[in-house]
Amino acid sequence: MAAARPDLSLPQARRIALAAQGFTDPLPTGEPTRRHLARVVDRTRLIQMDSVNVLARAHYLPMFSRIGAYDDALLDRAAWRPTTRSPRLLVEYWAHEAALVPIDDWPLMGWRMEEYRDGRYRHSREILRRNRSQAHDVLAVIADNGPSMPRDIEAELGITRSAHERGSWWARGEVKHLCEAMFAAGTLSAVRSEHFHRRYDLAERVVGADRVDARVDRRDAHRELVARSAAAHGVGTVADLADYYRLKTADVREVLPDLIDAGEVSLVGVDGWAEPAYLHCDARTPRAVRRSALLSPFDPLVFFRPRTQRLFDFHYRIEIYVPEHKRVHGYYVLPYLMDEELVARVDLKADRAAGTLRVLSAHLEPGADPSAVSDSLACDLGRLAAWRGLDTVDVSGGGDLAKRLTAAVAAQRDA
């Protein structure tokens, strides 16, 4: 398909994307509530999960970036600890990697569960295929005992492993692999313990039998998921739309004509983009975006790195798995959004024992005003520290912004 003429400038596309992700929605005037959480989920459609807890687990940060300090329990109740007054809103599944998705979107993942009917990973598939009877035993234990960790199931079944195996992530027992395979297949769902461990339960008990039994045609599901992706992007290329739910680009291209005919998206060009883009019918183009926010490495605004580069001219790679001496910016680096630009990046660590938010490095993006960025960032670091129950901010590392940021943090502290 030939690229359309540039209907949108890059700044317009950027503002559309920020509005679609909720960065122009009004901030709560008081303590954030479930209504504010639901509004964020309605914007992002999914919240990616990650186990790294050097600052805060990844799924807590997008809410903070959009609505400010809130009680983590608000998200916990929505996903894992529902009550009569606050029923389950979110459920975990493989969307954009491991993610929390609206519970009503569960049937839209049925085609993927069918693809994963023997598991997502090769080793887990092999274990399931040769242990069908043991899988039935695992299901029986969960059916009788409710949400269970693999070690609880092993104890119930009389399965023992060596101490070496129990302490090794890559030597997990077969029960764990069976649970993972059945989770991928949608037979099991999961809730999380306070230490973030998965506790597996029958899917119908977590998401409801009506959702488990619902069947959505693969093409219809793809069309709905692409529509959700388009709404979450505001404007995006085929690659953008595909990455959000990890769809194949061919499957996205197949359903885009349906969405165009229905008036849900329209074909546009964005100045500087080589590929055509698709504008969602509800997309808004604000005259300006006045918001600052620290972003998780897994925030939906930036988790597709080619889009982040194309939209913000911001080259971003997470360096957790890079040897320390080869890291450029640090271990857990958060991009910093100020108004309509990504203007800096900071490597952060919550030193909980010392009650300190440590800034291990701070780097300024080319063309950004170091004084304005430092002053704004110091305020947001203070808010982040307070949200995580930390008393102070300490800029202890390097980077071309570190000296100015140190002064700005000190000025904030002394004000």
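Along the sequence shown, residues carry numbers from 1.
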Quick one: do [X] and [Y] make a salt bridge, cutoff under 4.0 Å?
| X | Y | answer |
| --- | --- | --- |
| Arg130 | Glu174 | yes |
| Glu114 | Arg218 | no |
| Glu319 | Lys326 | no |
| Arg291 | Asp339 | no |
| Arg39 | Asp25 | yes |
| Arg15 | Glu340 | yes |
| Arg45 | Asp42 | yes |
| Arg120 | Glu115 | no |
| Asp243 | Arg307 | no |
| Arg199 | Asp152 | no |
| Glu92 | Arg192 | yes |
| Asp105 | Arg228 | yes |

- Message: Ignoring hydrogens, what is the shortest heavy-atom contact between Val91 and Pro102? Give both atom names and the distance.
- Response: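 Heavy atoms only, the tightest pair is CG1-O, 4.4 Å.
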- Task: Over all heavy atoms of both residues, which pair between Ala181 and Asp118 is shortest? Give the atoms and the distance, please.
- Result: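 That closest heavy-atom pairing would be CB-O, 3.9 Å.
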- Task: Run through Leu301, Asp313, Asp299, Val302 and flag the one making a side chain to side chain contact (heavy atoms under 4.5 Å, CB included) with Thr308.
- Result: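 It is Val302, the one option of Leu301, Asp313, Asp299, Val302 that forms the side chain to side chain contact (heavy atoms under 4.5 Å, CB included) with Thr308.
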- Query: In this structure, are over 12 heavy atoms from other groups packed under 6.0 Å from Glu31 atom CD?
  - Reply: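 Result for CD/Glu31: open.
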- Task: Would you indicate whether Arg35, at its atom CZ, is surrounded by more than 12 heavy atoms from other residues, nucleotides or ligands within a distance under 6.0 Å?
- Result: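 Not buried by this count: 12 neighbours or fewer within 6.0 Å.
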- Query: With a 6.0 Å cut-off on ring centres, are His197 and Trp80 close enough?
  - Reply: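 Ring-ring flag for His197/Trp80: false, centres at least 6.0 Å apart.
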- Centroid separation His233 to Phe304 less than 6.0 Å: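 Ring centres of Phe304 and His233 not closer than 6.0 Å.
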- Positive for ring-ring contact (aromatic ring centres under 6.0 Å, His included) with Tyr93, one of Trp106, Tyr116, Tyr245: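 The residue from Trp106, Tyr116, Tyr245 that satisfies ring-ring contact (aromatic ring centres under 6.0 Å, His included) with Tyr93 turns out to be Trp106.
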Hey, what's the ring geometry for [X] with [Y], parallel, tilted or perpendicular (30° and 60° as the breaks)?
| X | Y | value |
| --- | --- | --- |
| His177 | His123 | perpendicular |
| Phe64 | Trp387 | parallel |
| His363 | His329 | perpendicular |

- Task: Could you tell me whether the side chain of Ser9 and the main chain of Gln12 form a donor-acceptor pair under 3.5 Å?
- Result: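 Yes.
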- Listed by chain and number, what are the salt bridge (Lys or Arg N to Asp or Glu O under 4.0 Å) partners of Glu204, not counting sequence neighbours?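 Checked Glu204 against salt bridge (Lys or Arg N to Asp or Glu O under 4.0 Å); zero matches.
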- Assess whether salt bridge (Lys or Arg N to Asp or Glu O under 4.0 Å) is satisfied between Lys248 and Asp251, documenting all intermediate values. CA-CA 5 Å; Lys248 295 177 181 177; Asp251 291 330; 5.4 Å; no
